Amino acid sequence: MGKSDRRRFLKGVAAVAGGATVAIPKGTSAQTFRPANGTTALPSAAMQSREREQPAEVERLTTEKTGSDFMVDVCKTLNLDYIAACPGSTFRGLQESFINYGANKHPEWLTCLHEEVSVGMAHGYAKVAGKPMAAIMHGTVGTQHAAMAIYNAYCDRVPIILFTGNAGPLNERRPGVEWFHSVQDGAATVRDFVKWDDYPKSLQHFAESTVRGYALACAEPSGPVFLVADSKLQEDPLAEREARKLRIPRLTMPSQAAGDPNALREAAKMMVAADHPVIIADRYARSQAAMDNLVELAELLHAPVIDNRSRMNMPNTHYLCQSERAGTLIGQADCILSLEPVDLFGQLNSMRDQIERTDMPRTKADAKVISISTHDLFVHSNYQDFQRYVGADLNIAADAQTTLPFLIEAVQREMSASGRNAGEMRGEKLRQAYHDAIDRARTEATFAWDARPISTARLYMELWGQLQKEDWALVSDGDFSSRWPHRLWPLDKHYRFIGGPGGYGVGYQPVAALGAALAHRDAGGRVVINVEGDGEFNMAPHTLWTAAHHRIPYLTIIQNNRAYHQEAMHIQRMANRHNRGVRSAALGTSIDNPNIDYAKIATGYGALGIGPIEDPSDLAEAFRKGIAAVKTGQPVLIDVITQPR
Amino acid sequence: MKHRSLLTAVLIAIVFPAIAPAGAQQASSPAGNVEHGKALYRETGCYECHGLAGQGAPMTGPRVSRTQLPLDAFLNQLRHPVNQMPPYEAAVLSDSDAADIYAYLEQIPAPPGPNSIPLLKLTR
């Protein structure tokens with residue numbers, strides 16, 4: 001490809017009619033259209049056609065190598081399996097290069113029906129695959145559509161390689177639409193919530209920035225990076241002579257930051273000396289090995305672990321996983337080790353949502369707090385995702401996952417030096433508390449067992465009845481379903497669960513589930529479960545079309561409480577506070593009258609749709625059918641009419 | 001959420017020491033109107049946080065089905081919530097309406113034990 005002797009240049013309409021082709025020397029640019037009369041006015045259609053009939057010069061109309069081909073070459077060095085997009089003309093050159101020149105492999109092009117899907121699926125994908133995929137957005141409007149999904153990924157510290165197109169110099173922009181989709185600074189819309197961005201001015205610049213961007217995205221704390229692929233750079237022919245000068249730098253993946261050994265020694269001392277040490281793990285584990293390390297540390301210290309569920313951190317089948325006792329444990333603790341807290345203040349304090357907002361510590365006054373976190377390594381100013389400041393007793397700025405093996409060593413050393421192992425005494429009590437917590441959850445689950453609308457406990461346990469023999473993965477978080485999966489299901493492996501949305505932008509769930517399901521499909525046939533609210537689903541129902549189109553199987557269950565229920569509770573709170581009627585919270589928050597037929601919507605998008613299920617005794621059969629269909633490669637949606645939570 | 005109910009009772013006792021502690025003799029008998037209470041439970045939004053069957057949810061509100069609180073303490077929780085619950089003052093929910101809700105919650109039949117539900121034997 002790209003050899004000059006294979007180049008063919010069309011000469012214009014007359015030449016084509018005559019069947020002749022004329023070779024033009026390499027590097028000659030004859031693309032620019034000039035009005036025949038030399039005026040500066042834009043050419044009319046009539047002038048253009050006259051021009052074509054009488055070509056004043058040989059106009060070059062095709063080329064076999066473009067800048068966008070080189071951009072694809074760059075991307076192919078980056079271990080990117082997928083690039084997702086809703087088409088947009090500002091990246092038409094790149095799209096064509098990916099699918100034809102790049103043979104639509106590594107990355108494979110995925111078709112989405114909204115930019116929020118392209119980016120949100122990349123968010124879910126990265127948390128399962130452990131590496132980023134790419135998403136590309138139309139200039140301006142596409143980026144605007146994608147913004148919330150980018151924000152969620154940023155808040156969740158998840159790597160994504162984002163591209164957008166942008167029209168070139170003004171004299172080459174087509175009048176009208178191309179101007180609306182052009183911008184001086186393509187990243188401005190999202191700069192506050194990406195880790196890094198660049199607008200490369202040359203192909204060499206593109207190569208270096210894209211490789212740099214990939215490495216930066218993956219350096220903890222990871223995050224989305226944003227690159228503008230200028231449309232002129234994409235579409236301009238790439239002469240052989242120029243191509244030979246281009247270099248794609250080698251990608252060097254960064255090793256991650258481990259904690260300062262002195263600080264770790266201090267942390268070990270504090271934890272070993274504690275009578276009631278507690279570990280809180282939040283956005284901690286990116287791998288099974290990280291989970292195993294946490295188990296090792298907890299066993300060593302006989303310390304209960306509170307899994308705050310931003311990732312799959314601690315197997316809840318282990319007796320030291322005591323998340324349900326968080327309030328009690330934090331209240332009793334004399335030393336708390338917090339691993340990658342998303343909100344350290346919130347872990348240690350509560351705040352009353354009454355007219356006067358008062359906060360109260362959840363800890364004892366003299367409790368020591370150690371934080372190991374990448375938080376301080378990456379903070380932006382504008383968006384407030386950094387949460388309230390806490391002066392911990394020991395703040396170790398490092399990647400907790402990378403640090404943990406070193407902390408384990410430090411604890412081992414400290415234990416043998418001090419001869420202290422008070423922890424063993426705690427073991428029996430903690431075992432008992434673990435079993436008591438499960439029993440409490442089982443008892444709580446009975447309370448609306450036969451209720452209609454169906455209780456979320458019943459939903460999850462009927463589902464578990466059908467799922468337990470499969471190799472499964474849950475790609476939604478259970479916080480809006482009374483945390484039943486964490487309370488009742490065995491979450492024993494890292495891939496069982498991926499944490500929550502990051503920025504709580506509604507619409508994360510359907511799209512992140514799609515990307516997570518894709519990664520699970522590639523990892524080998526796990527049955528993927530996505531339980532989401534009706535409000536979430538309605539933000540991106542067409543995600544199911546992408547799933548059907550690309551054969552990405554997973555089971556979506558709509559926990560259909562026919563409301564933006566979180567908001568209903570907020571309105572209730574305001575109504576009560578203002579003392580002027582407490583019966584209107586449904587106005588503006590309910591999603592009924594008419595009720596939405598989600599199964600029909602799913603069918604319309606090419607998925608299998610089941611429901612609405614209103615009788616709890618119909619759940620088992622629906623789930624059995626749904627899981628069977630998922631195992632044949634289909635996306636499935638089951639609509640279940642449920643209790644609010 | 002046994003510990004939470006306990007905490008509620010304790011906090012009520014601390015914040016409002018004049019009120020009889022949980023378990024003491026109730027001030028009035030809960031002879032409320034169960035059907036009316038059931039309707040109010042839904043209309044005034046209790047169900048939003050406590051579930052339509054009063055089953056509770058960890059992130060929104062504890063179980064109130066078969067409440068063990070005496071009526072006084074129940075009323076006090078509505079008027080002066082111990083923590084996050086929005087207040088229900090008499091202007092929007094009268095004592096007698098509250099008593100009806102109380103009567104409804106109190107009489108909800110006991111659920112089957114977890115060991116009698118086969119699916120609940122499959123938990124972690």
Side-chain angles (χ1 to χ4, degrees), chain A residues 316-317 324-325 327-328 350 352-354 360 438-453 455-458 461-462 464-465 468 479-483 487-492 563 565-566 568-569 571-577 579-583 585-586 620 643-645, chain B residues 1-7 11 39-40 42-66 78-93 97 105 108-124:
Chain A
N316 71 350
T317 46
E324 288 308 310
R325 300 182 58 235
T328 311
S350 64
R352 257 184 121 205
D353 188 358
Q354 304 291 3
M360 268 214 328
I438 296 176
D439 281 345
R440 261 201 311 279
R442 291 174 67 236
T443 301
E444 292 297 322
T446 63
F447 268 83
W449 190 254
D450 293 316
R452 294 170 68 155
S455 85
T456 50
R458 181 76 180 263
M461 286 316 292
E462 292 283 358
W464 180 244
Q468 51 171 330
D479 281 11
F480 291 87
S481 335
S482 296
R483 299 199 297 260
R487 289 160 87 195
L488 296 178
W489 290 13
L491 280 83
D492 53 350
H565 188 74
Q566 190 67 33
M569 290 185 290
I571 303 304
Q572 186 71 50
R573 184 174 293 282
M574 291 300 105
N576 288 33
R577 191 175 290 180
N579 244 339
R580 56 190 173 209
V582 291
R583 299 171 193 223
Q643 293 279 321
R645 286 281 184 267
Chain B
M1 298 256 86
K2 203 164 150 203
H3 64 283
R4 203 200 282 238
S5 313
L6 210 102
L7 182 74
L11 286 179
L40 284 171
R42 190 183 269 251
E43 285 165 20
T44 62
C46 316
Y47 82 94
E48 292 163 15
C49 305
H50 296 289
L52 283 156
Q55 75 272 26
M59 313 280 282
T60 61
R63 171 158 59 81
V64 289
S65 168
R66 301 178 60 74
L78 296 187
R79 307 297 188 221
H80 310 279
V82 288
N83 193 12
Q84 301 289 6
M85 176 164 143
Y88 284 82
E89 291 197 348
V92 292
L93 191 74
D97 280 352
L105 293 174
I108 294 176
N115 292 331
S116 68
I117 297 173
L119 281 173
L120 288 176
K121 291 186 186 156
L122 300 179
T123 55
R124 66 178 161 119

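Below, chain A is the first sequence line, B the second, and so on; all start at residue 1. Just so it is clear, the structure is predicted and the values come from calculations on it, not from any experiment.
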Might you work through the side chain to side chain contact (heavy atoms under 4.5 Å, CB included) test for B:Ile108 and A:Phe447, ending with a clear yes or no?
CA-CA 10 Å; B:Ile108 294 176; A:Phe447 268 83; over 6 Å; no
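Using a 4.5 Å cut-off between heavy atoms, B:Leu40 contacts chain A through its side chain alone, with no backbone atom that close. With a 4.5 Å cut-off on non-hydrogen atoms, A:Trp449 touches chain B through its side chain but not through its backbone. If you measure heavy-atom distances from A:Pro644 to chain B, the contacts under 4.5 Å come from the side chain alone. In this structure, chain B has no heavy atom under 4.5 Å from any part of A:Gln566.
Counting heavy-atom pairs closer than 4.5 Å to chain B, the top-ranked of the candidates A:Arg645, A:Arg583, A:Arg442 is A:Arg442. Put simply, of A:Ala575, A:Ser482, A:Ala563, A:Ala568, the one with the most heavy-atom pairs under 4.5 Å next to chain B is A:Ser482. In terms of heavy-atom pairs under 4.5 angstrom with chain A, the leader among B:Pro87, B:Ala91, B:Pro112 is B:Pro87.
The backbone N or O of A:His565 sits nowhere less than 3.5 Å from a side-chain atom of B:Glu48 that would complete a donor-acceptor pair. In this structure, the side chain of B:Arg124 engages the main chain of A:Arg487 through a donor-acceptor pair within 3.5 Å. Remark: the backbone N or O of B:Thr44 is paired with a side-chain donor or acceptor of A:Gln572 at under 3.5 angstrom. Formation of a donor-acceptor pair under 3.5 Å by the A:Gln643 side chain with backbone atoms of B:Leu52 is found in this model. At least one donor-acceptor pair under 3.5 Å links the side chain of A:Gln354 to the backbone N or O of B:Met85.
To the nearest 0.5 angstrom, B:Ile117 atom CD1 is 7.5 Å from A:Arg458 atom CZ. Expressed to the nearest 0.5 Å, how far CE of A:Met569 lies from CE of B:Met59 amounts to 9.0 Å. Here the straight-line distance linking atom CG of B:Leu120 with atom CD1 of A:Ile438 works out to 12.5 Å at 0.5 Å rounding. B:Leu93 CG to A:Asn576 CG: the interatomic distance, rounded to the nearest 0.5 Å, is 9.0 Å.
Residue A:Arg580 comes nearest to B:Val92 through the heavy atom pair N-CG1, 4.1 Å, listed as atom of the first residue, atom of the second, then distance. When all heavy atoms are compared, the tightest approach of A:Trp464 to B:Leu122 is NE1-O, 3.2 Å. Closest of all the heavy-atom pairs between A:Met461 and B:Thr123 is CE-CG2, 3.7 Å. B:Gly113 and A:Thr446 get closest at one heavy-atom pair: C-CG2, 4.1 Å.
Applying the 6.0 Å contact sphere to CE of A:Met574 captures more than 12 heavy atoms from other residues, nucleotides or ligands.
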